[in-house]
K.L.:
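So that we are looking at the same thing, I have put the structure below in structure tokens.
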Amino acid sequence: QVQLVESGGGLVQAGGSLRLSCAASGRTFIRYRMGWFRQAAGKEREFVAAISWSNGVTHYAGSVKGRFTISRDNAKNTVYLQMNMLKPEDTAVYYCGSDARYYCAGSVCMAKPGNYGDWGHGTQVTVSS
């Protein structure tokens, strides 16, 4: 089993930046992909960004493309989400997901929450207008 711990959330004004981190521990020697999802109050969890652990291929939701960047540090077993030009509609709890069950690299596959078997507890991001 993999334990995921998110950090870096907080309150920021519109136009500002935050950098989220997700540290993985436990059985991390097999990992196919890691992703960031978010859930706003009263809404379903939605895809933000994902990265293939083996080759670093990335995918982004259209709403964050050009503003957010996902990256990984293999040595630290950590994935990051750099968020720039934040908007009030980015306000949500951000969750990190990881999967070690099967490989998929396409954007559709990597954007589905059901394709991630391990989740962190989330970190709150609030963007004020």
K.L.:
Which pairs would a plain distance check flag for residues 3-11, meaning a side-chain donor or acceptor within less than 3.5 Å of a matching protein atom at least two apart in sequence or in another chain?
P.N.:
unit_1: Glu6; atom_1: OE1; unit_2: His121; atom_2: N; d: 3.1
unit_1: Glu6; atom_1: OE1; unit_2: Gly122; atom_2: N; d: 2.9
unit_1: Glu6; atom_1: OE2; unit_2: Cys96; atom_2: N; d: 2.8
unit_1: Glu6; atom_1: OE2; unit_2: Gly122; atom_2: N; d: 3.2

K.L.:
Can you name the closest pair of heavy atoms from Gly114 and Tyr102 and give their distance?
P.N.:
O-OH, 4.1 Å
K.L.:
Test Trp36 against Cys22 for side chain to side chain contact (heavy atoms under 4.5 Å, CB included), laying out the working first.
P.N.:
CA-CA 9 Å; Trp36 287 97; Cys22 173; 3.6 Å; yes
K.L.:
Is there a path of hydrophobic side-chain contacts, each under 4.5 Å between heavy atoms of I/L/V/M/F/W/Y residues, joining Val125 to Met34?
P.N.:
yes
K.L.:
Contact between Tyr116 and Met110 at the side-chain level, heavy atoms closer than 4.5 Å - yes or no?
P.N.:
yes
K.L.:
Looking only at heavy atoms, which two atoms of Arg45 and Trp119 are closest? And how far apart?
P.N.:
NH1-CE3, 3.3 Å
K.L.:
When rounded to the nearest 0.5 angstrom, what distance separates CD in Gln39 from CD in Gln124?
P.N.:
11.0 Å
K.L.:
Going by heavy atoms in the side chains, are Lys76 and Ser21 under 4.5 Å from each other?
P.N.:
no
K.L.:
For the side chain to side chain donor-acceptor pair (under 3.5 Å) test, which of Asn74, Asn77, Asp118 pairs with Arg31?
P.N.:
Asn77
K.L.:
Donor-acceptor check, side chain of Asp99 to backbone of Gly117, threshold 3.5 angstrom: yes or no?
P.N.:
yes
K.L.:
Taking atom CZ of Phe68 and atom CE of Met85, what is their separation to the nearest 0.5 Å?
P.N.:
9.0 Å
K.L.:
Should Val64 and Val79 be counted in the same cluster of Ile, Leu, Val, Met, Phe, Trp and Tyr side chains packed under 4.5 Å apart?
P.N.:
yes
K.L.:
At what distance, to the nearest 0.5 angstrom, does OH of Tyr94 lie from CG of Leu81?
P.N.:
7.5 Å
K.L.:
Are Tyr95 and Pro113 close enough that some pair of their side-chain heavy atoms sits under 4.5 Å apart?
P.N.:
no
K.L.:
If only atom types and distance count, is the side chain of Tyr60 paired as donor or acceptor with the main-chain N or O of Ile70 below 3.5 Å?
P.N.:
yes
K.L.:
Which heavy atom of Pro88 sits nearest a heavy atom of Ala14, and at what distance?
P.N.:
CD-CB, 4.1 Å
K.L.:
Report whether Leu20 and Val48 are members of the same hydrophobic cluster (ILVMFWY, side-chain heavy atoms less than 4.5 Å apart, transitive linking).
P.N.:
yes
K.L.:
Using side chain to side chain contact (heavy atoms under 4.5 Å, CB included), reason through Met83 and Asp90 one step at a time and then give a plain yes or no.
P.N.:
CA-CA 10 Å; Met83 306 186 295; Asp90 295 318; over 6 Å; no
K.L.:
With a 4.5 Å cut-off on side-chain heavy-atom distances among I, L, V, M, F, W and Y, is there a chain of contacts connecting Tyr80 to Val2?
P.N.:
no
K.L.:
State whether a side-chain donor-acceptor pair under 3.5 Å links Arg33 with Asn115.
P.N.:
no
K.L.:
Say you draw a straight line from CZ of Arg72 to OG of Ser54; how long is it, rounded to the nearest 0.5 Å?
P.N.:
7.5 Å
K.L.:
For residues Thr91 and Val127, report the shortest heavy-atom separation together with the two atoms involved.
P.N.:
OG1-N, 2.9 Å
K.L.:
Between atom OG of Ser71 and atom CZ of Arg19, what is the distance when rounded to the nearest 0.5 Å?
P.N.:
6.0 Å
